[in-house]
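Comments concern the structure below.
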Amino acid sequence: PIHQTQYLIDGKLKVWSGPTTDVYSSISSTEEYKPTLLGSVPHLQEPEAMDALNAALNAYNKGQGVWPTMHVRDRIICMENFVKQMKTKRDIVVKYLMWEIGKSLPDSQKEFDRTVEYVEDTIEDYKNLDRNAAKFQKHDGVYAHIKRGPLGVVLCLGPYNYPLNETFALLIPAIIMGNTTIFKPAKHGVLLITPLLEAFQSCFPKGVVNIIFGRGRTVAAPIMQTGKVDVLALIGNSKSANALQDQHPKSNRLRLVLGLEAKNPAIILPDADMDLTINECLAGTLSFNGQRCTALKVIYVHEDVRENFLKKFSEEVDKLKFGNPWDDGVKLTPLPEPDKPAYIQDLIDDALAKGAKILNKKGGKHFDNYIWPAVLYPVTKEMRVYQEEQFGPIIPIVSFSDIEEPLDDMAESNYGQQVSLFGKDVYTLSPLIDTLVNLVCRVNLNSSCQRGPDVYPFTGRKDSAQSTLSVHDALRSFSIRTFVAFKDN
Ligand code: G3H
């Protein structure tokens with residue numbers, strides 16, 4: 001086990017000798033199932049949280065600090081050095097992604113490589129942004145030199161399902177735009193940040209990046225209560241986001257950059273290509289065991305093709321391979337959250353009590369800390385699995401006869417991130433797409449929902465998001481337009 005004692009404040013890697021939090025893997029290293037102790041991280045308290053905040057405030061120095069006033073060229077050099085050092089940590093970070101959150105080897109490698117690409121694309125986009133800002137505009141005799149400036153201190157919290165990629169999608173654009181930051185990793189996927197502490201420490205001026213460990217209510221809440229945070233950047237659940245937002249005494253001054261829950265539906269029309277639809281629905285519902293905000297979380301299938309879809313889809317779900325993340329061809333892996341199987345079981349029990357059935361033979365079977373994906377049909381609005389974001393291996397299916405039925409459900413939903421639409425007839429699809437883009441932010445035609453490529457806008461309507469996160473948009477989310485104007489006189 002790795003007993004990690006360091007945390008980063010004000011450019012110093014401090015050593016913690018107080019209480020620590022054990023980090024467990026849900027992967028068993030013994031024959032008989034038993035979670036594995038991976039190590040521990042500091043359980044920091046309020047004084048350390050305040051130290052991190054003060055370091056970030058001092059480094060920002062009301063916009064006059066070294067970092068917010070630094071020339072773009074020099075900020076780029078810092079970020080280029082960082083990504084260079086980051087690349088050397090691939091093997092260890094990938095190993096921790098597998099052990100800490102149970103992500104398969106190919107997906108863990110993809111998460112690392114995608115994050116490196118995200119940082120490199122951010123650097124390139126930042127260069128373009130600066131190039132464009134160098135041009136003067138002239139309207140009605142007024143010249144303007146318009147730039148993008150930082151916002152201040154950013155508190156950044158990431159989720160367990162993409163502990164590297166999603167947190168860096170917040171942190172990296174926040175840093176490069178000249179803000180100063182405090183970053184608290186998620187509960188699962190926390191040890192994997194430790195190999196990167198030194199790179200953060202050596203590549204950026206002191207106080208620009210502060211990395212703390214601990215519970216949200218012990219370290220993040222007191223930081224918010226000071227009212228000195230300018231941006232709350234969080235990918236995770238709205239309960240945590242709201243709780244933190246409420247701590248801020250002047251929350252109307254707080255900018256929110258949030259990626260939250262979603263209940264993305266698939267809509268299967270009668271002329272859909274069935275093999276393609278089944279493959280995409282399998283990936284969409286069960287990649288990383290359904291623990292993705294972009295996962296398909298409800299499937300609407302037209303009654304004309306329902307029986308065919310239900311039969312084939314259920315058979316395919318039972319053919320998926322369960323195993324450890326490094327096993328060949330593995331699709332389903334141990335769940336990092338020990339309470340998840342019980343939660344999934346509650347959703348199944350509720351649906352069964354209200355008239356649904358499990359269609360696949362293995363559906364709902366428990367072993368170790370896992371529960372086999374359950375294909376549930378018919379699912380109705382009264383069921384919890386219809387209402388809640390399951391974020392795990394359970395697939396609710398609804399049958400429809402009129403397209404207005406799924407459209408009305410989507411319009412009434414509290415969420416509005418993406419939809420997958422399966423069908424062929426362009427005269428049916430075209431007007432439907434026009435409607436769907438007003439209900440969600442991304443329509444995936446004959447393909448499952450996903451965030452990437454990361455240059456595309458990633459956002460949502462209603463409770464699903466605030467601000468937009470793509471390489472391009474995130475630079476804007478973490479900055480404000482400022483300009484110098486002068487008259488032609
Ligand atoms: O949890 C939400 C993630 O951003 C999903 O990303 O669609 O690439 O798996 P992904």
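Remember, it's 1-based here, ligands and their atoms both numbered in the order they're listed. Sequence positions, counted from 1, serve as the residue numbers for this chain. Since this is a predicted model, take the numbers as computed values, not measurements.
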Between H302 and F400, is the ring centroid distance below 6.0 Å? yes

So, F168 versus Y118, ring centres under 6.0 angstrom or not? no

Begin from the C-alpha positions of K462 and Y415 and carry the test side-chain contact (heavy atoms from CB on, under 4.5 Å) through to its verdict. CA-CA 5 Å; K462 299 187 261 188; Y415 307 115; over 6 Å; no

Which pairs, with at least one residue in residues 369-385 and sequence neighbours excluded, count as a salt bridge (Lys or Arg N to Asp or Glu O under 4.0 Å)?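 Counting only pairs at least two positions apart or across chains, the salt bridge (Lys or Arg N to Asp or Glu O under 4.0 Å) contacts touching residues 369-385 are K381-D409, K381-E412, R384-E388.
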
Compute both the distance and the angle, then confirm whether K362 meets the cation-pi test with W372: under 6.0 Å from the six-membered ring centre, within 45 degrees of the axis.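 Yes.
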
For T380 versus Y386, what's the shortest heavy-atom pair and its separation? O-CB, 3.4 Å

Using a 4.0 Å cut-off on heavy atoms, what residues surround ligand 1? Order them by chain and number. R114, N161, Y162, E166, R292, C293, T294, Q450, R451, F458

